[in-house]
Amino acid sequence: MSTTHEVVNQAPPRAGLNEYLINPALTEAVKRYDAQWAADRLSAVGSLVGQAGFQRDAELANTNPPVFSSHDRWGHRVDAVEFHPAYHRVIGAAIEHGAHTSCWSAPRPGAHVARAATFMLFSQIEPGHACPVSMTHSVVPSLRFSPELAETWLPRVYSRAYDPDLRDPATKTSAIFGMAMTEKQGGSDVRANTTRAVDAGDGTYRLTGHKWFCSAPQSDAFLVLAQAAGGASRHGGRGGGLSCFLVPRVLPGGDRNVFRIQRLKDKLGNKSNASSEIELDGTVGWLVGEEGRGVRTIIEMVGQTRLDCVLGSAAGMRQSVAEAAWHVRHRSAFGALLVDQPAMTAVIADLQLEAEAATWTALRLAAAYDSDDDESVAFRRLATAVAKYWVCKRGPNHAYEALECLGGNGYTEAFPLARRYREQPVMAVWEGSGNVIALDVLRAMAREPQSVEAVDRELASALGEYPAFDAHVAATRALLGRAAADPAAGPALARRVVEALALGLQGAVVIREAPAAVAAGFVSARLGEDRGLEYGTLDPALDLAAIVARA
């Protein structure tokens, strides 16, 4: 071989690793939040997603994105979305291992935590498939509003089998769910929806309208918002108004429902996942919950998917810092390994602090869903929105900084961080972008003051150890007081309020649960008076080597 092509000083492939066992923040949080019983299962998932073959499937699913066909070769309308076989292998494995609904089908202490960790491990390597996995998980609380529908669909939702064929639901043992809320004229303002639903008099409704975003249109069924016509309702409730409906792709008996895919969205990232516009024209749907209570019904699904946005962003941070740390541990420059050079040590340590705080916060939130006592319900109402805002917004710049650690390699599509950089923004956009979430936090504070009290107790649990954290909590309480005292001025303070709450929440869980080096590093880097604005501006007096070792 020509000496000009001798390959030296390049990191070996990062494969053949157990992504669960080598992630100390995740393994420690699983143990702390009552899910250690799932350690062997999680280790099996960690080994699977760490394999070169699984990573190759993740790449293929993104470089061969879904293809839409409106008609077949003979001119029949089919509205089909075709995926590369690699995508089916990835999502099939995720469902087989319970990344979708294991916490619902087999409830026990720590079940939501175990499911969250499973979801994160799969999302770390291939995030696009996580969209339908998340929606299938999240649909369960909404379906329970209608016992008859739940009886029909929940056993299929709980199934560990993956069957992508669209056919009569009675012939399938499993089902994947999607959702369609937003419309082009309203976006996040779903009450502006114009899709109409008319009672057909046979226990079903006929829906007509256009949905601007329909996630995973290849799914078996969807929750859809539409305006019911009103008048006396046979289903109870007030009658009329924005309502929630279950819309299957295939009707009982095998006929196709009217579900016209107009196009697939050409997105910045999330390439392996199909997102679409759809038109409904006399489409058959079943009412879920009560007429006029559509937001109340589907908000249960939205809350769960917001949690999964936090989980997905944290998983992305883990991928980013792990790839960066692998590279700098194996590459030398100027006479030393990159990881041992102080400037790079600080960057990797800072990236790890961000990933650790996100991971601990995500699993703390998941643990709050393992109990329905008043304290857990109040805590997760506010904390989920706060964490969704902050963790998801931190994702893109974290991915960029990790990408830069790889130099030119990081900017190429041959390495996974370019894909991750394009992926991270979607978690901040989906299920409520920044202002929507911030205003939702203000609404929760005003309508559910017990949620503020629950989060404040969480902050108070870590007081007395770090003066900078104590000062931050005092400042946060003062800011909350300002927002509460003048509701009209609240929206102008909304982002400040959420940021302060998020940093306090992360600080509290890290101080209580993470190793001392991580806690001290987080408080200094995120709450200290001399904190920097970019990653890598850490106080050299911190135990950076101990933090880097966890990456």
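Not a single donor-acceptor pair under 3.5 Å links the side chain of Glu448 to the backbone N or O of Ala446. Panel note: side chain Thr208, backbone Gly282; a donor-acceptor pair is recorded below 3.5 Å. Judged by distance alone, with hydrogens and angles left aside, the side-chain atoms of Ser451 form no donor-acceptor pair with the main-chain N or O of Arg381 at under 3.5 Å. Using a distance-only test at 3.5 Å, with no hydrogens or angles considered, a donor-acceptor pair links the side chain of Arg156 to the main chain of Pro169. Within the 3.5 Å criterion, the main-chain N or O of His472 finds a donor-acceptor partner in the side chain of Thr476. For Thr101 (side chain) and His137 (main-chain N/O), no donor-acceptor pair under 3.5 Å exists by modelled atom type. In terms of modelled atom types and a separation under 3.5 Å, the side chain of Ser105 and the main chain of Tyr158 share no donor-acceptor contact. Of the possible polar contacts, none joining the Ser219 side chain to the Ala221 backbone as a donor-acceptor pair under 3.5 Å is found. With hydrogens and angles disregarded, a donor-acceptor distance shorter than 3.5 Å links the side chain of Ser243 to the backbone of Gly241. Looking at Thr283, its side chain does come within 3.5 Å of a backbone N or O of Asp281 through a donor-acceptor pair.
Side-chain contact between Met301 and Leu143 is absent, with no heavy atoms from C-beta onward closer than 4.5 Å. Side-chain atoms of Leu480 and Leu501, non-hydrogen and from C-beta on, do get closer than 4.5 Å to each other. Counting heavy atoms from C-beta on, the side chains of Arg422 and Lys271 come closer than 4.5 Å. Between Phe145 and Cys244, every side-chain heavy-atom pair lies at or beyond the 4.5 Å cut-off. Between Val391 and Met317, the closest side-chain pair of non-hydrogen atoms falls below 4.5 Å. His129 is listed as a side-chain neighbour of Tyr87, based on a closest heavy-atom distance under 4.5 Å. The shortest distance between side-chain heavy atoms of Glu300 and Val140 does not fall below 4.5 Å. Two residues are said to be in side-chain contact when any heavy atoms from C-beta on lie closer than 4.5 Å; Arg482 and Val497 fail this criterion.
With values rounded to the nearest 0.5 angstrom, Ser146 atom OG is found 9.0 Å from Glu290 atom CD. A distance of 10.0 Å separates NE2 of His84 from CD of Glu82, quoted to the nearest 0.5 Å. Going from atom CG of Leu363 over to atom CG of Asp34 covers 11.5 Å, rounded to the nearest 0.5 Å. We find the CG-CG distance between Asn62 and Asn273 to be 10.0 Å, quoted to the nearest 0.5 Å. Atoms CG and CZ, from Asp456 and Phe379 in turn, are 11.5 Å apart once rounded to the nearest 0.5 Å. For the atom pair CD (Glu356) and OG1 (Thr361), the distance works out to 10.5 Å, reported to the nearest 0.5 Å.
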Evaluate the salt bridge (Lys or Arg N to Asp or Glu O under 4.0 Å) criterion for residues Lys388 and Glu431: first the C-alpha distance (whole Å), next the side-chain angles of each, then the deciding distance (0.1 Å), finally the verdict. CA-CA 9 Å; Lys388 197 278 182 189; Glu431 310 311 339; over 6 Å; no

Any chance you could lay out the side chain to side chain donor-acceptor pair (under 3.5 Å) test for Lys265 and Ser276, step after step, and finish with the verdict? CA-CA 5 Å; Lys265 299 289 193 178; Ser276 66; over 6 Å; no

If you apply the rule salt bridge (Lys or Arg N to Asp or Glu O under 4.0 Å), what do you find for Asp308 with Arg306, and how did you get there? CA-CA 5 Å; Asp308 281 0; Arg306 284 180 176 176; over 6 Å; no

Which is it for Arg318 and Gln124 under the side chain to side chain donor-acceptor pair (under 3.5 Å) test, yes or no, and what are the steps along the way? CA-CA 7 Å; Arg318 171 57 190 172; Gln124 176 182 328; 4.7 Å; no

Show your working on salt bridge (Lys or Arg N to Asp or Glu O under 4.0 Å) between Lys393 and Glu499 and close with a plain yes or no. CA-CA 10 Å; Lys393 280 196 174 298; Glu499 180 175 321; over 6 Å; no

Is there a side chain to side chain contact (heavy atoms under 4.5 Å, CB included) between His100 and Arg160 once you walk through the steps? CA-CA 9 Å; His100 60 327; Arg160 297 289 188 95; 4.0 Å; yes

Going through the checks in order, is the side chain to side chain contact (heavy atoms under 4.5 Å, CB included) test met by Ser174 and Tyr162? CA-CA 7 Å; Ser174 64; Tyr162 171 62; 5.9 Å; no

Step by step, would you call Arg364 with Tyr33 a side chain to side chain contact (heavy atoms under 4.5 Å, CB included)? CA-CA 7 Å; Arg364 169 66 182 94; Tyr33 295 120; 3.5 Å; yes

Begin with the C-alpha distance, continue with both residues' side-chain angles, and end with the deciding distance and a verdict on salt bridge (Lys or Arg N to Asp or Glu O under 4.0 Å) for Asp370 and Arg380. CA-CA 11 Å; Asp370 267 320; Arg380 71 196 189 209; over 6 Å; no

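Minimum heavy-atom separation, Gln185 to Ala192: NE2-O, 3.0 Å. Across every non-hydrogen atom of Asn270 and Gly128, the tightest pair is ND2-CA, 3.6 Å. When all heavy atoms of Val78 and Arg249 are compared, the pair lying nearest together is O-NH2, 3.9 Å. Of all non-hydrogen atoms in Phe259 and Pro217, the two that sit nearest each other are CE2-O, 4.0 Å. Contact between Val133 and Ala99 at its shortest, heavy atoms only, is CG1-O, 3.5 Å. Arg115 and Gly98 make their closest contact through CG-O, 3.8 Å (heavy atoms, listed as atom of the first residue, atom of the second, distance).
For Arg263 and Phe68, the positive end is not near the middle of the six-membered ring at less than 6.0 Å and at most 45° from its axis.
The residues Lys211 and Glu277 are annotated as not salt-bridged, no charged nitrogen and carboxylate oxygen being separated by less than 4.0 angstrom. Contact check on Arg89 versus Asp57 returns a salt bridge, with a Lys/Arg side-chain nitrogen under 4.0 Å from an Asp/Glu carboxylate oxygen. Salt bridge annotation for Asp168-Arg256: absent, with no cationic side-chain nitrogen under 4.0 angstrom from a carboxylate oxygen. For the pair Asp220 and Lys172, the salt-bridge criterion is met [side-chain N within less than 4.0 Å of a carboxylate O].
Under 3.5 Å, the side chains of His210 and Glu279 contain a donor-acceptor pair of N or O atoms. Residues Ser272 and Glu126 bring a donor and an acceptor atom of their side chains to less than 3.5 Å of each other. With hydrogens and angles left out, the side-chain atoms of Thr204 and Arg206 include a donor and acceptor closer than 3.5 Å. Donor-acceptor pairing under 3.5 Å is lacking for the side chains of Ser313 and Gln424. Side-chain contact annotation: Tyr369 with Thr384, donor-acceptor N/O pair under 3.5 Å present. For the residue pair Asn193 / Gln227, no side-chain donor-acceptor distance below 3.5 Å is found, with atom types taken as modelled. Thr171 and Arg167 share a side-chain donor-acceptor pair at under 3.5 Å.
Using cut-offs of 30° and 60° for the angle between ring planes, the Phe83 and His88 rings count as perpendicular.
With ring centers used as reference points, Phe245 lies under 6.0 Å from Tyr205. Side-chain rings of Phe213 and Trp430 stay apart, their centers remaining 6.0 Å or farther from each other.
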